[in-house]
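Given the structure is predicted, the values throughout are model-derived calculations rather than measurements.
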Amino acid sequence: SAYDQALDELTAAFDRVDGILQKQRYIAGGKFTEADIRLFVTLARFDEVYIVYFKTNTRSITHTPSILNYCREIYQMPGVKETVNMEHIKTHYFCSHPILNHYSIIPKGNNFLGLLEEPHNREELFPDK
């Protein structure tokens with residue numbers, strides 16, 4: 001089915017990102033770039049929204065150490081945390097399409113932002129050269 005194909009492609013892309021972030025600090029290499037910002041805003045929504053809303057439960061950020069650690073580093077950069085309003089994000093996704101979520105139920109989630117507050121060790125894994 002189209003769902004199975006899309007989920008297989010997403011899972012392969014997730015695994016590719018995981019592999020990259022196990023070998024280098026940022027998605028495009030050793031420097032923080034716009035690609036990291038774009039990836040982060042997607043990853044920040046993955047566990048709390050995409051797994052539930054889009055039924056993408058083959059992987060999770062919470063259970064993928066390299067990606068979780070990467071998200072922690074970016075979230076903890078000055079000015080980033082203040083831009084991530086998970087309540088707003090979840091309300092938008094779960095209440096904007098009544099056909100998909102008739103009662104506008106917003107799942108509680110696993111406090112993903114709390115996980116992002118925990119320390120990361122990206123500098124130790126990938127020291128500046």
Side-chain angles (χ1 to χ4, degrees):
S1 72
Y3 165 78
D4 290 322
Q5 181 179 347
L7 187 59
D8 289 347
E9 291 172 8
L10 176 70
T11 301
F14 190 100
D15 291 346
R16 182 169 175 233
V17 167
D18 181 28
I20 291 168
L21 294 176
Q22 288 179 34
K23 296 177 187 136
Q24 61 193 42
R25 188 165 182 179
Y26 300 110
I27 198 66
K31 301 272 187 216
F32 183 73
T33 68
E34 181 182 344
D36 295 293
I37 295 167
R38 290 175 178 267
L39 179 58
F40 174 77
V41 298
T42 298
L43 296 175
R45 290 159 171 74
F46 198 87
D47 284 16
E48 294 275 6
V49 176
Y50 297 170
I51 287 174
V52 177
Y53 202 66
F54 299 119
K55 316 298 188 269
T56 60
N57 62 348
T58 58
R59 300 288 186 275
S60 75
I61 306 302
T62 302
H63 296 105
T64 310
S66 65
I67 299 177
L68 178 58
N69 208 20
Y70 168 82
C71 288
R72 284 177 173 150
E73 179 180 12
I74 295 172
Y75 184 75
Q76 293 171 25
M77 290 177 174
V80 174
K81 175 182 177 177
E82 296 78 19
T83 69
V84 182
N85 183 336
M86 191 60 70
E87 182 179 336
H88 173 74
I89 291 166
K90 289 169 66 170
T91 299
H92 166 74
Y93 277 95
F94 292 110
C95 297
S96 294
H97 305 100
I99 292 173
L100 299 177
N101 189 3
H102 181 72
Y103 297 106
S104 296
I105 295 170
I106 301 172
K108 184 175 179 179
N110 66 352
N111 190 22
F112 184 70
L113 295 184
L115 291 175
L116 296 186
E117 297 278 355
E118 295 178 12
H120 67 86
N121 64 343
R122 300 291 288 172
E123 304 100 346
E124 296 166 24
L125 293 172
F126 306 102
D128 291 333
K129 295 177 182 173

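- Taken together through direct or relayed side-chain contacts under 4.5 Å among Ile, Leu, Val, Met, Phe, Trp and Tyr, V49 and I105 form parts of separate hydrophobic clusters.
- Not counting sequence neighbours, the partners of E34 by the salt bridge (Lys or Arg N to Asp or Glu O under 4.0 Å) test are R38.
- Partners of T42 under the side-chain hydrogen bond (donor to acceptor under 3.5 Å, both in side chains) rule, at least two apart in sequence or in another chain, do not exist in this structure.
- Across S60 and I51, no two heavy atoms sit closer than the pair CB-CD1, 3.7 Å.
- Annotation for Y3: atom OH counts as buried by contact number, over 12 foreign heavy atoms lying within 6.0 Å.
- Applying the salt bridge (Lys or Arg N to Asp or Glu O under 4.0 Å) criterion to D8, with sequence neighbours excluded, gives no partner residue.
- With sequence neighbours left out, the ring-ring contact (aromatic ring centres under 6.0 Å, His included) criterion links Y75 to no other residue.
- Taking the six-membered ring where tryptophan is involved, the planes of Y93 and Y53 are perpendicular, since the angle between them exceeds 60° and thus also 30°.
- The two atoms that bring V84 and L113 nearest to each other are CG1-CD2, 3.7 Å, heavy atoms only.
- Taking both residues in full, the closest heavy atoms of P127 and E124 are given as CD-O, 3.7 Å, listed atom of the first, atom of the second, then distance.
- Under the side chain to side chain contact (heavy atoms under 4.5 Å, CB included) criterion, I99 pairs with no residue at all, not counting sequence neighbours.
- A search for side chain to side chain contact (heavy atoms under 4.5 Å, CB included) contacts involving P107 returns V52, F94, not counting sequence neighbours.
- Atom CD1 in I61 sits 9.0 Å away from atom OG in S66 (nearest 0.5 Å).
- L116 contributes atom CG, which lies 8.5 Å from atom OG1 of T62 (distance to the nearest 0.5 angstrom).
- To the nearest 0.5 Å, atoms CG (L68) and NE2 (H120) are separated by 11.0 Å.
- Applying the salt bridge (Lys or Arg N to Asp or Glu O under 4.0 Å) definition to pairs two or more places apart or across chains, none involves residues 101-110.
- The side-chain hydrogen bond (donor to acceptor under 3.5 Å, both in side chains) check on T83 picks up nothing, with sequence neighbours excluded.
- Atom CG in L21 sits 7.0 Å away from atom CG in L39 (nearest 0.5 Å).
- Remark: K55 engages no residue in a salt bridge (Lys or Arg N to Asp or Glu O under 4.0 Å) (not counting sequence neighbours).
- From N111, atom CG reaches atom CG of D47 across 11.5 Å, with rounding to the nearest 0.5 Å.
- The ring-ring contact (aromatic ring centres under 6.0 Å, His included) analysis of residues 7-42, with sequence neighbours excluded, yields the pairs F14-F46, Y26-F32.
- Among residues at least two apart or in separate chains, salt bridge (Lys or Arg N to Asp or Glu O under 4.0 Å) pairs with a member in residues 66-95 are R25-E73, E48-K90, R72-E118, E73-R122, K81-E117.
- Remark: L125 CG to Y70 OH distance equals 14.5 Å, nearest 0.5 Å.
- Not a single salt bridge (Lys or Arg N to Asp or Glu O under 4.0 Å) links R45 to another residue, sequence neighbours left out.
- Closest heavy-atom contact between I67 and V17: CD1-CG1, 4.0 Å.
- There is no side-chain donor-acceptor pair under 3.5 Å between T64 and D18.
- Judged by distance alone, the side chain of Q24 and the main-chain N or O of I27 form a donor-acceptor pair under 3.5 Å.
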